[in-house]
Amino acid sequence: IKMKTLQGKMTGLGHTDVRPDLLLSFEEAEVILLEMDQFAVPMDASSSQAFDVYPRPPLSDSERAKAPLRPPIVTIMGHVDHGKTTLLDRLRSTSVAAGEAGGITQHIGAFSVPVGKKASSSSSGSQPRITFLDTPGHAAFSAMRSRGAQLTDIVVLVVAADDGVMPQTKEVIQVVDQLQSESRSSRASHGTVQLVVALNKVDKPEADVEKVKRDLLSAGVQLEDFGGDIPCVEISGKTGQGLDRLEETLLALSELAELRSEAVGAVEGLILESRVEKGRGNTATVLIKRGQVQVGDIIVAGTSFAKVKGLSDEGNRPQKSAGPGDAVLVMGWRSLPHAGDEVLGVVDQSGVGAELLAKKAVERRTRVEEQRKLSEDVVAVNEGRRIKAEEDEKRDREAFEQRQRAREARMQQAAGQGGANSAGTVDAVAAAATEEKQNAEAEDEMGAEARSKKQELRLVVKADFSGTVEAVLGAISGIGNADVCVKIVSSGVGEPNEGDIAMAQAVGKCEVIGFNVKPSKQILNLATKAHPTPVKVHCDSVIYRLMSHVSEQCAALLAPTV
Ligand code: GDP
C-alpha cells in the first residue's frame with residue numbers, strides 16, 4: 001500500500017506520529033491492518049508478540065485432490081413469505097427422522113440431511129450429506145460476509161411460483177453476484193458460491209412457473225432451461241413435492257465443485273450462534289470447515305476459548321467428534337464467543353501447553369480489540385470536535401458579518417443625514433469611521449488580552465501501550481477553548497513512576513494522567529508529598545471518563561480563584 005494511504009489510516013486511528021521511519025509494534029500494525037480488512041501474519045512466529053493461534057496454510061492443489069469430499073453448506077434465501085421456513089422445517093424433519101430415535105430437534109443454527117442412498121445404519125460414514133444453515137437471512141451470514149469469510153457453498157433462492165421476482169429476490173441475486181465476483185478476484189482457496197433456484201408453491205393453482213422463469217431471466221438469472229448454468233427445481237415445501245430433486249441437485253453441484261477438506265488435524269470453522277444454556281453453561285455452534293474437533297480439545301474463537309466438555313448435534317445427540325460440514329454445539333466455553341468468529345483448534349507446538357497458549361492468545365486479542373475500540377472512540381470524538389469547531393467558526397463568521405453590516409448601515413445612515421450638506425456628510429462619515437475603528441481596536445485589544453491570559457492545563461500522560469498513548473494524546477489534545485488549552489509535558493508507556501512525578505513537580509501546575517495503568521501506593525504517596533504543592537495523579541480505563549476529567553480540570557482552571 002502507498003505510504004500516504006497508510007499514514008491517512010493511522011491518522012484516522014488517532015496516531016499523531018506518522019513519520020515514515022516510525023517502528024510499529026505488531027499489535028499496532030494489526031489494528032491498522034484490521035481497519036483495512038486485512039490480517040497481520042507475523043513473519044517470526046516464535047516471537048512473543050505473535051503468541052496466538054493461526055489457521056494452517058491452505059491446501060495445495062495436489063493435497064486438496066487427495067482430501068476427502070465434504071458436505072456442501074447451503075443457505076436458503078428469498079423474499080418474505082415465499083416459503084423459506086416451511087422448506088427448512090421439512091428438510092429438518094428428514095434430518096431428525098433419519099437420526100436415532102429419541103432426538104429432540106434443537107435449533108443450533110444448522111442441520112445435516114442425509115441424501116441419496118436410503119439412510120442405512122447411521123454408522124456408515126459414506127452416506128452423502130448436505131448441511132443447511134437453519135435461519136433464513138442468518139445474522140451470522142452478514143457478520144461473516146463483512147469479514148470476508150465464506151460461509152456457504154450454495155445459495156438456494158426460494159421464489160414463490162404464485163408471486164414471482166420480488167425486491168428481496170433481486171437482493172439475493174445481487175448478493176450472490178457480489179460473492180462470486182469477490183471470490184474470483186481474491187483467488188481464494190475456496191470455490192465460488194453457487195446459485196440454485198427453488199420455484200416453490202407449485203402445488204398452488206395460481207402458480208405460473210413459466211412466467212416466473214422469464215422474470216428470473218430478465219433479472220439476470222441464467223437458468224438452465226434457457227441455456228444458462230443455474231439449475232431450477234420446482235418444489236412445494238408444503239407437500240414435499242420435488243424435495244428429493246432439490247437435494248439431488250445440491251449434491252450433484254457439490255460433487256462437481258469437488259468440495260474437499262481434510263477431516264483430521266486442528267479444527268477450523270466459524271461460530272454460527274452462541275448462548276448460555278441451563279445446565280450446560282456457555283454453548284456455541286461451530287460450523288466446521290476443516291479438521292476435526294473432539295471432546296477435550298482446546299479451541300479459540302475470537303476473544304473466547306474452550307476446553308471442549310461436550311459436543312452435540314441438532315438432534316441433541318452427544319458426539320465424540322465432528323468434522324468438515326458438520327455443525328456441532330460445543331460446550332465448555334470460558335466466555336461466549338460471537339457469531340461470525342473464526343474457530344481454530346489449538347495445537348501446542350511451543351510446549352507451553354495448549355490451554356495456556358489459548359489463554360494468552362485470547363488475552364492478546366482482547367487487548368488488540370480494546371485498542372481498536374479505543375481508536376474508534378477517538379475517531380468519533382475527533383469527528384465530533386471537528387464538527388463543533390466548524391460550527392463555532394460559522395457562528396463567529398456570521399456574527400462578524402452581522403457587525404460589518406450594522407457598521408455599514410450606520411455609515412450609510414450618517415452619510416444620509418449629511419445629505420443636504422456635503423461637508424457635513426464627510427464629517428459624519430469620518431466620525432462614524434473613527435468610531436468603528438476604535439471599536440474594532442478595542443475588540444482586538446480584548447482578544448489579545450484574553451490570549452495572553454490563556455491558561456494551560458499541563459499534563460504528563462501514561463498508558464499501557466504505545467498505541468494507546470497515541471490514542472489518548474489524540475483524544476485529549478483538542479480539549480479546551482479560547483481561554484484554556486491542554487499542554488502535554490511528556491508522555492510514555494507504563495504506570496506513572498517517580499520520574500513522572502518529578503517532572504510534574506518541576507513543571508508546576510501539572511497533573512499526571514494514566515490510561516489503563518495503575519500507580520503504585522508508593523508513587524501516590526510521593527505525589528501527595530510533592531513540594532510545594534501535591535501532584536495530582538488520575539488514572540482511568542475508560543477513555544470518555546479520562547477525557548471528561550481533563551475537561552473538568554480545564555474548566556477548574558478558569559473558575560474564579562478565591
Ligand atoms: P418465509 O417468510 O419465506 O419463511 O415463508 P414461510 O415458510 O413462512 O411461508 C409463508 C406462507 O406460505 C405460509 O403460510 C406457508 O404455509 C405458505 N407456504 C410455504 N410453502 C408453501 C408451498 O409450497 N405451498 C403452499 N401452498 N404454501 C406454502
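As the structure lists them, so they are numbered: ligands from 1, and atoms in each ligand from 1. Just the heavy atoms: all of them, side chains too, but no hydrogens, waters or symmetry mates, feed the values below.
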Atoms in ligand 1 with a heavy atom of N200 nearer than 4.0 Å: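 What qualifies from ligand 1 is 20 (N), 21 (C), 23 (O).
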
Heavy-atom contacts with S236 under 4.0 Å: which atoms of ligand 1 show up? List them by number with element.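 Those of ligand 1 that fall under 4.0 Å from S236 are 22 (C), 23 (O), 24 (N).
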
Quick one: does [X] get an N or O within less than 3.5 Å of an N or O on ligand 1?
X	answer
G83	yes
G237	yes
K204	no

Would you say L253 and D153 make side-chain contact, with heavy atoms under 4.5 Å?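 Answer no - side chains too far apart.
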
Are K213 and E234 close enough for a salt bridge, meaning some N to O gap below 4.0 Å?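 Yes.
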
Which residue, L287, V74, T152, T75, forms the side-chain contact (heavy atoms from CB on, under 4.5 Å) with T131?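 Looking at L287, V74, T152, T75, the match for T131 under the side-chain contact (heavy atoms from CB on, under 4.5 Å) is L287.
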
Between D89, T86, T85, which one has a non-hydrogen atom sitting closest to atom 16 (O) of ligand 1?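 Considering heavy atoms of D89, T86, T85, the nearest to atom 16 (O) of ligand 1 sits in T86.
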
Quick one: does K84's side chain have a donor or acceptor within less than 3.5 Å of a partner on G78's backbone?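 Yes, K84 side chain to G78 backbone: donor-acceptor pair under 3.5 Å.
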
Check: G237 main-chain N/O paired with R90 side-chain donor or acceptor under 3.5 Å: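 Side chain of R90 to backbone of G237, a donor-acceptor pair under 3.5 Å: yes, one is there.
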
Under 3.5 Å side-chain donor-acceptor pair for T366 and T303: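 No, because no side-chain N or O of T366 sits under 3.5 Å from a partner of the opposite role on T303.
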
For H79 and ligand 1, answer yes if some heavy atom of the residue is under 4.0 Å from a ligand atom, otherwise no.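 Checking ligand 1 against H79, which is what was asked, there is a heavy-atom contact under 4.0 Å.
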
With heavy atoms under 4.0 Å as the rule, classify the contact between D203 and ligand 1 as side chain, backbone, both or neither.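 The side chain, only.
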
